[in-house]
Amino acid sequence: MNSKAVAVMASGRGTNLKVILESVTKGECPVDVRLVISDKGDAEALTIAREAGVPYVAHVDPKKFSGREQFDAECAELLDRHSCQWIVLAGYMRILSSSFVRRFRGRIINIHPSLLPSFVGAKAVEDALEYGVKVSGCTVHLVDEVLDGGPILAQSVVTVFDDDTRDSLHTRIQIEEYKLYPATLARMANEGFDIEGRQVIWKK
Ligand code: GAR
């Protein structure tokens, strides 16, 4: 099977990017990470991408664009230029414009540190703790115009302990993310899926 061309967009530490790249190197995930884009010049994700030999690594600086649409248009141009089939958001902390989502509909995936549809947004781990849930976890989902709202591809559950802090719970959620994200990408490449309503139906 041909590897699927993938771009990763990341704003921060890039640990999900790192495990995806490691999984590709080990031959466990048949995708080709051609492009990494970050909106933050100091994102560790950029260093990880360069050290792993990703062919094109770009810092696209939001300050150089007059608005979200213009910034996203520049990213879209890069994605098209590198013929990326899937766009993998890995700790990408910008909301995508609806024109970007429309242009790449069904091809953008995200990982979120809660069991969606609970606790959308940037403070998912804190919000889950504050609510007092006894389980949380992570979700890989398709991106649509609704914040953290697209069809769900995969989820993993993490038990919440009484003495958890934001950091301790996030650390255990990330351990699950590191298994779930590469495995879901591999499944997308190997099996594919259909969408019926909100439901993702895996082909095998
Ligand atoms: C991950 O926990 C991911 O689920 C979360 O940011 C972290 C990025 O970690 N994403 C979101 O909160 C998106 N709403 P990383 O930069 O080390 O991969």
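What you see is a predicted model, and the numbers here were worked out from it, not measured in a lab.
- Taking 4.5 Å as the limit, some side-chain heavy atom of R103 sits within range of a side-chain heavy atom of D80.
- In this structure, W202 and F193 have perpendicular ring planes: the angle between them is above 60°, well past the 30° mark.
- I152 and L115 fall into different hydrophobic clusters, defined by Ile, Leu, Val, Met, Phe, Trp and Tyr side-chain heavy atoms under 4.5 Å apart, directly or through other members.
- V36 and L78 fall into different hydrophobic clusters, where Ile, Leu, Val, Met, Phe, Trp and Tyr are joined by side-chain heavy atoms under 4.5 Å apart, directly or via other members.
- Enclosure of atom CD in E130 is not indicated, since only 12 or fewer non-hydrogen atoms of other residues, nucleotides or ligands lie within 6.0 angstrom.
- V120 approaches D127 most closely through the heavy-atom pair O-OD2, 4.4 Å.
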Exercise for review: Please assess R105 against E145 for the test side chain to side chain contact (heavy atoms under 4.5 Å, CB included), listing each intermediate value before the final yes or no.
Suggested key: CA-CA 9 Å; R105 186 175 297 286; E145 283 91 345; 2.7 Å; yes
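- For the pair V101 and I108, the tightest heavy-atom approach, listed with the atom from each and the gap, is CA-CD1, 4.0 Å.
- K179 has its side chain out of reach of V19: every pair of non-hydrogen atoms, C-beta onward, lies at least 4.5 Å apart.
- Separation of atoms CD1 (I111) and CD (E177) is listed at 4.0 Å; rounding is to 0.5 Å.
- L142 has its side chain within reach of I195: a pair of non-hydrogen atoms, C-beta onward, lies under 4.5 Å apart.
- A pairwise comparison of heavy atoms in S99 and E69 identifies OG-OE1, 2.6 Å as the closest pair.
- In the hydrophobic clustering of this structure, Y56 does not group with V33; members are Ile, Leu, Val, Met, Phe, Trp, Tyr whose side-chain heavy atoms approach within less than 4.5 Å, directly or through other members.
- Each of I20 and Y178 belongs to its own hydrophobic cluster when Ile, Leu, Val, Met, Phe, Trp and Tyr are linked at side-chain heavy-atom distances under 4.5 angstrom.
- Ion pairing between a basic and an acidic side chain is recognised when a charged N comes within 4.0 Å of a carboxylate O; K26 and E22 show no such pairing.
- Atoms CZ and CE, on R107 and M188 in that order, are 10.5 Å from each other to the nearest 0.5 Å.
- Considering only heavy atoms from C-beta on, E28 stays 4.5 Å or farther from P182 through its side chain.
- When every heavy atom of L89 is checked against every heavy atom of Y181, the shortest pair comes out as O-OH, 2.7 Å.
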**Study point:** Full working for side chain to side chain contact (heavy atoms under 4.5 Å, CB included) between Q174 and N16
**Key:** CA-CA 8 Å; Q174 287 224 276; N16 277 287; 3.6 Å; yes
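- No donor-acceptor distance shorter than 3.5 angstrom exists from the side chain of D194 to the backbone of I201, with no hydrogens or angles considered.
- Closest of all the heavy-atom pairs between G14 and I48 is O-CD1, 3.5 Å.
- Between D162 and K134 there is a salt bridge, since at least one side-chain N of the basic residue sits less than 4.0 Å from a carboxylate O of the acidic one.
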Point to revise | Verdict with supporting geometry, I87 and V143, side chain to side chain contact (heavy atoms under 4.5 Å, CB included) | key: CA-CA 10 Å; I87 299 137; V143 172; over 6 Å; no
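- Using a cutoff of 4.0 Å between basic side-chain nitrogens and carboxylate oxygens, R172 and D164 are scored as salt-bridged.
- By the criterion of side-chain heavy atoms lying less than 4.5 angstrom apart, applied directly or through intervening Ile, Leu, Val, Met, Phe, Trp or Tyr residues, V31 is grouped together with L153 in one hydrophobic cluster.
- Rounding to the nearest 0.5 angstrom, the gap separating the OG1 atom in T139 from the NE2 atom in H112 is 7.0 Å.
- Judged by distance alone, with hydrogens and angles left aside, the side-chain atoms of R198 form a donor-acceptor pair with the main-chain N or O of G150 at under 3.5 Å.
- Of the residues K63, M93, R94, the one that meets the side chain to side chain contact (heavy atoms under 4.5 Å, CB included) test with D39 is R94.
- Counting only heavy atoms from C-beta outward, the side chains of Q70 and E74 never approach each other to under 4.5 Å.
- A donor-acceptor contact shorter than 3.5 Å links the side chain of R68 to the backbone of I95.
- Atoms OG and CG, on S118 and L116 in that order, are 8.0 Å from each other to the nearest 0.5 Å.
- For the atom pair CZ (R166) and CD1 (I173), the distance works out to 9.5 Å, reported to the nearest 0.5 Å.
- The minimum heavy-atom distance between S136 and S114, with the atom names listed, is OG-CA, 3.9 Å.
- Using modelled atom types, one side-chain atom of D72 and one backbone atom of S97 make a donor-acceptor pair closer than 3.5 Å.
- Residue H170 holds its NE2 atom at 11.5 Å from CG of L129, rounded to the nearest 0.5 Å.
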